[in-house]
2 protein chains.
Amino acid sequence: METLSSAKAHGGIQGVYRHYSRSTDTPMTFAVFVPPQAATAKVPVVWFLSGLTCTHQNAMDKAEYRRAAAELGLMIVLPDTSPRGPHVPDETDNWQFGSGAGFYLDATEAPYDANYRMYSYITDELPSYLAVNFPADLSRQAIMGHSMGGHGALTIALKHPERFRSASAFAPIVQPSTADWSRPALAKYLGHNTMAYRDYDTTLLIEDGKRFSEFLVDQGDKDEYLETGLRPWLLKEACDKAGIPLTLNMREGYDHSYAFVSTFMADHLAWHAERLKR
Amino acid sequence: METLSSAKAHGGIQGVYRHYSRSTDTPMTFAVFVPPQAATAKVPVVWFLSGLTCTHQNAMDKAEYRRAAAELGLMIVLPDTSPRGPHVPDETDNWQFGSGAGFYLDATEAPYDANYRMYSYITDELPSYLAVNFPADLSRQAIMGHSMGGHGALTIALKHPERFRSASAFAPIVQPSTADWSRPALAKYLGHNTMAYRDYDTTLLIEDGKRFSEFLVDQGDKDEYLETGLRPWLLKEACDKAGIPLTLNMREGYDHSYAFVSTFMADHLAWHAERLKR
């Protein structure tokens with residue numbers, strides 16, 4: 001593991017690291033905030049999955065999680081959103097596919113299946129790596145994300161309810177298999193067997209019987225993608241039908257940006273901390 | 001005035017604006033955070049001057065001031081650090097001069113004197129502009145900054161003690177007329193009459209009789225520029241000699257980055273708010 005940067009912040013350490021990933025067959029960069037409490041004991045882990053076009057850096061710079069994480073004693077892990085590199089197939093003029101748009105799935109279609117395996121990377125490889133290299137208490141994990149990363153957080157929680165004590169999202173894509181801005185990507189990664197999409201779609205996973213203890217979702221009502229990409233009412237319908245408690249906070253005047261995410265970040269971290277410490 | 005972006009954050013509005021500046025003879029971009037309290041009354045103003053290589057955006061993204069500013073009812077103004085544009089003389093391979101390195105002075109040497117007039121822009125033009133276009137109570141102003149911007153904040157406060165109720169800095173360049181990384185810039189902007197440098201040097205302004213009520217300075221002890229560029233002990237000597245109260249917090253383990261600035265931002269804003277509300 002290579003340390004790309006490390007700086008003291010709010011009493012903890014904000015670091016950026018790079019390692020070789022066998023899941024994606026590329027170097028992968030990720031950021032970890034280690035809170036001051038890790039000096040004396042392993043600490044609970046909160047995964048933050050980022051949205052389209054992002055790397056680890058967008059949330060690291062703009063999501064304003066460090067003060068709350070340091071107070072609450074939470075490690076924050078920020079993975080990249082896709083594999084990257086000269087040998088990784090990409091469409092450089094398409095922000096909704098390829099680099100920055102891994103959609104937290106394992107591609108099955110060539111040539112994408114060789115590298116676009118973010119689901120395995122996030123759920124299998126990176127946790128093992130954290131366990132060895134960081135003071136992470138993996139018996140206490142939470143997961144959250146923004147937009148495409150909200151989709152990632154909710155789908156991964158539904159598939160690993162035993163692993164995550166809590167799951168939340170900011171402006172998640174709740175039904176990527178039908179949303180304008182994600183369906184074309186799923187078709188390229190997963191092919192035209194639309195049954196395969198169900199495994200990476202929050203509302204359809206719930207329809208197919210997956211369950212989670214409860215969800216917290218914040219959504220700005222001035223979000224420019226509300227109607228075309230996000231559609232939180234589809235999540236509400238699915239949760240209501242399945243009996244999954246959903247706290248859906250519609251936030252007046254907020255858009256899709258980190259200005260919105262950062263505003264409610266401390267609330268989400270406090271909510272996770274409460275559940276991680278039970 | 002052109003609005004480049006505007007987003008609700010922490011109950012207020014984070015905006016980015018562009019206007020034509022007669023001081024610099026260029027378009028100038030700046031950011032303003034308007035706290036929710038401005039809905040009912042004009043609010044006090046805190047200027048944040050940024051460091052070398054920065055635009056308004058670095059602190060806007062990374063300084064984590066919005067939560068505290070919204071709680072305390074403070075407007076935060078983030079100007080750019082220099083004029084910019086195709087007709088502005090620059091040395092593109094030199095990060096310590098030209099674009100991103102205006103040093104908050106009015107240049108007197110050709111060809112720089114036509115545009116590099118950040119002192120006039122910050123102390124005269126932008127305040128007038130704020131008074132007309134924003135709910136700013138200019139009878140209650142504070143000023144702060146980071147690195148080169150800490151230099152800007154302290155020198156401007158010393159020259160306008162009647163205007164600013166408080167002044168603070170993160171890792172300021174306290175004696176730019178002798179620091180390796182600033183003296184060459186001053187020579188280009190101000191020529192070889194070193195007497196002219198005194199007007200833009202915190203320690204020498206104090207030596208020459210300028211006074212301010214008190215200063216708050218935070219400085220990381222792992223700052224990579226501590227010995228060569230910053231040298232807070234020179235400020236301490238000057239303040240001690242002049243009887244200016246200085247709170248100099250040396251912060252163990254912190255570097256020069258926004259990881260450091262963001263950690264102590266809320267403390268500085270609370271300190272300013274206390275003085276702005278007296």
Side-chain angles (χ1 to χ4, degrees), chain A residues 3-16 31-36 39 54-55 57-71 76 170-171 218-224 249-270, chain B residues 3-16 31-36 39 54-55 57-71 76 170-171 218-224 249-270:
Chain A
T3 300
L4 301 183
S5 69
S6 176
K8 190 168 177 182
H10 293 285
I13 297 291
Q14 178 64 66
V16 179
V32 177
F33 177 69
V34 177
C54 290
T55 68
Q57 192 170 353
N58 302 67
M60 185 177 81
D61 287 352
K62 299 196 279 193
E64 300 188 19
Y65 54 80
R66 278 176 289 270
R67 174 173 294 267
E71 284 169 7
I76 312 291
F170 298 101
D218 275 65
Q219 171 66 60
D221 72 355
K222 293 289 184 293
D223 188 316
E224 52 274 43
N249 298 314
M250 293 301 295
R251 299 297 189 177
E252 189 193 337
Y254 286 90
D255 67 14
H256 196 64
S257 73
Y258 278 99
F260 157 65
V261 173
S262 62
T263 298
F264 301 102
M265 176 59 76
D267 294 349
H268 277 235
L269 291 179
Chain B
T3 299
L4 301 183
S5 70
S6 177
K8 190 169 177 182
H10 292 284
I13 297 291
Q14 179 63 67
V16 180
V32 177
F33 177 70
V34 177
C54 291
T55 67
Q57 193 170 353
N58 302 67
M60 185 177 82
D61 286 353
K62 299 196 279 193
E64 300 188 18
Y65 55 82
R66 277 175 290 269
R67 174 173 292 267
E71 283 169 7
I76 312 292
F170 299 100
D218 274 66
Q219 171 67 59
D221 73 355
K222 293 289 183 293
D223 189 316
E224 51 274 42
N249 298 315
M250 293 300 296
R251 299 298 190 176
E252 188 194 336
Y254 286 91
D255 67 15
H256 196 64
S257 72
Y258 278 99
F260 157 66
V261 173
S262 62
T263 298
F264 301 103
M265 176 58 78
D267 295 349
H268 277 235
L269 291 179

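So that the names make sense, note that chain A is the first sequence line, chain B the second, and so on, each numbered from 1. Just so it is clear, the values below take in all heavy atoms, side chains as well, and ignore hydrogens, waters and symmetry mates.
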- Message: Does anything in residues 3-11 of chain B reach chain A? List residues with heavy atoms under 4.5 Å apart, or say none.
- Response: B:Ser6, B:Ala7, B:Lys8, B:Ala9, B:His10, B:Gly11
- Cut-off 4.5 Å, heavy atoms of chain B, and the answer for A:Asp255 is side chain
- Message: As an exercise, state the distance from NZ of A:Lys62 to CD of B:Gln57, rounded to the nearest 0.5 Å.
- Response: 6.5 Å
- Any donor-acceptor N/O pair, A:Arg66 side chain to B:Thr263 backbone, under 3.5 Å: no
- Residue part contacting chain B, namely of A:Ser262, when any heavy atom lies under 4.5 Å: both
- Query: What residues, two or more places apart in sequence or in another chain, satisfy ring-ring contact (aromatic ring centres under 6.0 Å, His included) together with B:Phe33?
  - Reply: none
- Task: Measure A:Gln14 against the heavy atoms of chain B and call it side chain, backbone, both or neither at under 4.5 Å.
- Result: neither
